[in-house]
Amino acid sequence: MKNTNIKIEKAAGTGFCFGVRRAITALEKVAGEQGMIETLGAVVHNQQVLQRLAELGVGVAGTIDDVKGNTVAIGAHGVGRMSPQKSADDI
């Protein structure tokens, strides 16, 4: 038997947490100043936000080998261990 009396309410204050807002703001600033920045992995899972950031010059690199530019942002959760051939000094 299905419950047809379900009520769904949307919270008034939805959005990103402080850390995500701070990361997006930092990426926007750097992109505005330098024209291009890449993130190692997506900074958020929201495709609309990623598209907007891409329009500002923020790209997403899947791996260190995918990095094309000189500036890379690494998320707060970090990245896995890099091979000795590809260290942060190499990018």
Side-chain angles (χ1 to χ4, degrees):
M1 181 177 197
K2 291 184 178 181
N3 183 351
T4 58
N5 295 323
I6 296 175
K7 183 177 179 182
I8 299 174
E9 294 184 35
K10 182 178 175 184
T14 60
F16 298 116
C17 69
F18 172 78
V20 170
R21 271 189 309 236
R22 184 174 177 220
I24 291 171
T25 300
L27 290 169
E28 292 168 338
K29 180 179 178 190
V30 173
E33 293 171 353
Q34 296 184 9
M36 181 178 176
I37 183 172
E38 293 170 276
T39 62
L40 194 53
V43 68
V44 294
H45 301 290
N46 184 314
Q47 292 301 313
Q48 292 169 317
V49 172
L50 292 175
Q51 179 62 40
R52 188 179 62 75
L53 290 173
E55 292 169 4
L56 296 174
V58 180
V60 178
T63 68
I64 288 289
D65 293 325
D66 296 334
V67 173
K68 298 176 189 116
N70 295 324
T71 307
V72 179
I74 297 174
H77 296 288
V79 295
R81 189 177 184 106
M82 290 186 260
S83 70
Q85 294 82 17
K86 289 287 183 184
S87 68
D89 294 332
D90 295 329
I91 55 175

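Quick note: numbers below take in every heavy atom, side chains included, and nothing from hydrogens, waters or symmetry partners. Because the structure is predicted, anything quoted here is derived from the model rather than measured.
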Residue that, paired with V58, satisfies side chain to side chain contact (heavy atoms under 4.5 Å, CB included) out of L50, V30, I37:
I37
Closest heavy-atom pair and its distance - A31, G57:
CB-C, 4.5 Å
Closest non-hydrogen atoms of V60 and A42, given as atom of the first, atom of the second and distance, are CG1-N, 3.7 Å
Side chains of E55 and Q51: donor-acceptor distance under 3.5 Å anywhere?
yes
Determine, step by step, whether R52 and I24 satisfy the side chain to side chain contact (heavy atoms under 4.5 Å, CB included) criterion, reporting the C-alpha distance in whole Å, the side-chain angles of both residues, the deciding distance to 0.1 Å, and the verdict.
CA-CA 11 Å; R52 188 179 62 75; I24 291 171; 3.7 Å; yes
Is E38 reaching over with its side chain to a backbone N or O of G69, donor-acceptor style, under 3.5 angstrom?
yes
CD1/I74 to OG1/T39 distance, rounded to the nearest 0.5 angstrom?
10.5 Å
